[in-house]
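See structure below.
As the structure is a computational prediction, the values presented were derived from the model and not from experiment.
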Amino acid sequence: MAGVGGHAGRQSELEPVVSLVDVLEEDEELENEACAVLGGSDSEKCSYSQGSVKRQALYACSTCTPEGGEPAGICLACSYECHGSHKLFELYTKRNFRCDCGNSKFKNLECKLFPDKAKINFGNKYNDNFFGLYCICKRPYPDPEDEVPDEMIQCVVCEDWFHGRHLGAIPPESGDFQEMVCQACMKHCSFLWAYAAQLAVTKISAEDDGLVLNVDGIDDQEVVQTENGDQDNTLKEDIPEHAKDTDKEVKAQQNNEPCTSSSSESDLQTAFKNQNFNTESQSGCKLQELKAKQFVKKDTATYWPLNWRSKLCTCQDCMNMYGDLDVLFLTDECDTVLAYENKGKTEQATERRDPLMDTLSSMNRVQQVELICEYNDLKTELKDYLKRFADEGTVVKREDIQQFFEEFQSKKRRRVDGMQYYCS
């Protein structure tokens with residue numbers, strides 16, 4: 001017996017003990033995440049008929065379109081119906097995409113849900129994610145060869161996923177920022193550096209003291225100070241023409257204002273007021289106001305707070321610039337993953353039906369009362385029974401659940417057997 005007990009003791013040390021509370025919390029978290037990602041997408045109908053869907057859950061099929069071939073993406077419904085037994089890559093969500101399932105990229109497969117598709121969806125955009133590769137390191141996720149624990153963060157512009165350690169700037173805590181723009185996209189959309197001086201929630205690498213984005217302006221010309229201290233005028237090409245003609249009076253006014261840098265929403269609102277971050281400027285362009293101040297450019301990703309997109313200028317020149325850079329979606333608050341997730345959660349909450357109420361609706365009055373009483377008894381006793389395990393932090397085993405229902409049925413039989421019936 002001693003030997004058996006010793007072996008059991010060693011097993012308990014090797015195996016992690018999970019309490020009921022841990023299981024319930026993890027299950028609820030997974031359910032909420034699934035509702036967020038999948039809730040805004042139709043699980044029964046192919047999304048092709050909707051055209052380029054603003055945002056939807058997407059998958060890539062490694063079985064049908066392996067690496068070396070043409071990339072293709074499939075909608076949620078097709079992942080279930082047409083590719084249920086295939087090897088799939090989950091792409092989370094992507095914007096402005098039309099389902100490819102069964103088109104010319106699939107040599108030996110016809111879509112079961114919507115077979116009449118065009119051969120090619122020319123509006124779709126693809127990257128290495130469609131072959132299960134992510135980040136600048138072009139590695140799979142999860143990566144069996146990567147022993148470094150690291151989270152993956154999606155760039156809001158290119159929608160690729162990146163390891164936090166490959167972004168050039170240590171990511172803030174997940175609750176401190178809402179969206180990320182990777183290094184490559186910051187170079188492509190270099191006008192964002194002017195906004196980053198007021199908005200970005202950025203931490204630089206451990207070797208640096210920090211990234212000062214809001215610095216004093218200059219009188220004669222606009223320059224961008226790069227990481228090595230040189231002056232760089234490359235950002236001007238992404239700035240509207242009228243934003244390059246800086247008003248010296250506005251510049252002088254802004255030069256006398258204190259520098260502000262904070263990641264909290266209240267401090268950001270204060271910063272916007274101090275920097276005249278509104279549409280009532282002399283030029284009507286927020287970007288022109290920001291370009292009146294010198295700012296720092298780094299070869300790093302940037303991290304942005306909630307609702308930062310609403311601060312972007314929407315004057316005609318800026319809108320033309322966004323169009324030229326193919327980033328008009330940045331001005332659309334409904335484009336965000338957060339908006340999509342909230343839509344999914346709302347739809348899921350509306351569609352969920354209580355199975356007890358469905359059952360009650362098919363019963364007569366007497367049966368309804370009896371079922372409700374039985375249900376309440378079961379609910380109360382099960383809650384009290386499981387609470388003991390939760391309070392003690394112990395694991396609920398299969399035999400514990402079996403024991404509960406055996407005892408519950410036994411109590412129920414005793415109650416029924418003890419009933420007395422009277423005839424009038």
Side-chain angles (χ1 to χ4, degrees), residues 32-61 71-83 88-103 105 111 113-114 116-118 120-127 129-130 153-161 177-182 185 188-189 192 304-314 318-351:
N32 289 336
E33 183 177 344
C35 286
V37 178
L38 305 179
S41 300
D42 196 323
S43 61
E44 297 179 354
K45 297 179 181 178
C46 176
S47 63
Y48 182 85
S49 61
Q50 302 175 41
S52 294
V53 180
K54 197 167 194 175
R55 183 168 293 282
Q56 64 176 318
L58 280 184
Y59 299 82
C61 182
I74 59 177
C75 68
L76 176 63
C78 288
S79 74
Y80 292 152
E81 185 66 26
C82 307
H83 305 264
L88 301 179
F89 297 123
E90 184 178 355
L91 305 178
Y92 197 54
T93 71
K94 291 190 182 293
R95 69 170 63 88
N96 299 331
F97 199 93
R98 195 171 196 182
C99 180
D100 285 323
C101 180
N103 68 13
K105 297 188 175 187
C111 180
L113 299 177
F114 201 105
D116 188 20
K117 287 186 172 77
I120 295 292
N121 292 317
F122 292 101
N124 289 354
K125 294 182 179 180
Y126 307 90
N127 58 19
N129 294 177
F130 290 81
I153 307 174
Q154 188 178 33
C155 173
V156 68
V157 178
C158 68
E159 297 192 298
D160 195 358
W161 291 82
F177 71 99
Q178 187 62 44
E179 295 182 314
M180 180 273 290
V181 180
C182 71
C185 290
H188 176 66
C189 305
L192 285 176
W304 303 82
L306 185 67
N307 297 328
W308 71 276
R309 298 190 190 198
S310 64
K311 310 302 180 182
L312 297 178
C313 182
T314 54
C318 282
M319 293 298 286
N320 291 339
M321 176 184 68
Y322 303 148
D324 292 340
L325 295 173
D326 198 20
V327 292
L328 273 171
F329 53 82
L330 287 178
T331 62
D332 183 5
E333 288 291 326
C334 295
D335 169 78
T336 65
V337 173
L338 179 62
Y340 170 85
E341 291 178 343
N342 289 337
K343 177 176 178 286
K345 290 177 181 178
T346 301
E347 291 180 357
Q348 285 291 314
T350 303
E351 293 175 0

The reported gap from CG in L76 to CD in E90 (rounded to nearest 0.5 angstrom) is 9.5 Å
Tell me every residue that passes salt bridge (Lys or Arg N to Asp or Glu O under 4.0 Å) with R309, counting only those two or more places apart in sequence or in another chain. E179, D335
Does any N or O in the side chain of R98 come within less than 3.5 Å of the main-chain N or O of S47, such that one atom is a donor and the other an acceptor? no
Can you confirm whether C101 sits close enough to C75 that some side-chain heavy atom of one is under 4.5 Å from a side-chain heavy atom of the other? no
Side chain to side chain donor-acceptor pair (under 3.5 Å) partners of N127, counting only residues at least two apart: none
Return the minimal non-hydrogen interatomic distance between A77 and C46, and the atom names on each side. CB-N, 4.0 Å
A118 backbone acceptor or donor facing Y48 side chain under 3.5 Å: yes
Is it true that the side chains of T93 and R55 contain a donor and an acceptor less than 3.5 Å apart? yes
Measure the shortest side-chain to side-chain distance between V53 and R95 over non-hydrogen atoms and say whether it is less than 4.5 angstrom. no
Less than 4.5 Å apart, any side-chain heavy atom of L330 and any of W308? yes
Test side chain to side chain contact (heavy atoms under 4.5 Å, CB included) on T331 and M319 and set out the steps. CA-CA 9 Å; T331 62; M319 293 298 286; 4.0 Å; yes
Over all atoms of both residues, closest heavy-atom pair of C111 and C78: SG-SG, 3.6 Å
Quick one: pull up CG in N96 and NZ in K125 and give me the separation to the nearest 0.5 Å. 8.0 Å
Salt-bridged, D332 to K54, with N to O below 4.0 Å? yes
Do D100 and I120 have side chains that approach each other closer than 4.5 Å (heavy atoms only, starting at C-beta)? no
My understanding is that only residues two or more places apart in sequence, or in another chain, count here; which of them pass salt bridge (Lys or Arg N to Asp or Glu O under 4.0 Å) with K45? none
Is the shortest side-chain heavy-atom distance between W161 and I153 below 4.5 Å? no
Residues two or more places apart in sequence or in another chain: which of them pass ring-ring contact (aromatic ring centres under 6.0 Å, His included) with F177? Y303
Keeping N121 on the side-chain end and C99 on the backbone end, is there a donor-acceptor pair under 3.5 Å? yes
Between L192 and L312, is a side chain to side chain contact (heavy atoms under 4.5 Å, CB included) present by the stated rule, with each step listed? CA-CA 9 Å; L192 285 176; L312 297 178; 4.2 Å; yes
Could you tell me which residues satisfy ring-ring contact (aromatic ring centres under 6.0 Å, His included) with Y322, sequence neighbours excluded, listed by chain and number? F191
Going through the distances and angles, do Q154 and E159 end up as a side chain to side chain contact (heavy atoms under 4.5 Å, CB included)? CA-CA 6 Å; Q154 188 178 33; E159 297 192 298; 3.7 Å; yes
Counting only heavy atoms not in D116 (residues, nucleotides, ligands), do more than 12 fall under 6.0 Å from its CG? no
Answer whether the closest heavy-atom distance between the side chains of S43 and Y80 falls below 4.5 Å. yes
Given side chain to side chain contact (heavy atoms under 4.5 Å, CB included), test C334 with K343 step by step and report yes or no. CA-CA 10 Å; C334 295; K343 177 176 178 286; over 6 Å; no
Results of ring-ring contact (aromatic ring centres under 6.0 Å, His included) for Y126 - residues two or more places apart only: F97, F130
For the atom pair OH (Y340) and CG (N342), what is the distance rounded to the nearest 0.5 Å? 12.0 Å
Tell me if a side-chain donor or acceptor on K94 pairs with a main-chain N or O of A57 at a distance below 3.5 Å. no
So how far is it from C61 SG to I74 CD1, rounded to the nearest 0.5 Å? 5.5 Å
Does the side chain of L88 reach to within under 4.5 Å of the side chain of H83, using non-hydrogen atoms? yes
So how far is it from L58 CG to N129 CG, rounded to the nearest 0.5 Å? 10.5 Å
Can you confirm whether Q178 sits close enough to W304 that some side-chain heavy atom of one is under 4.5 Å from a side-chain heavy atom of the other? no
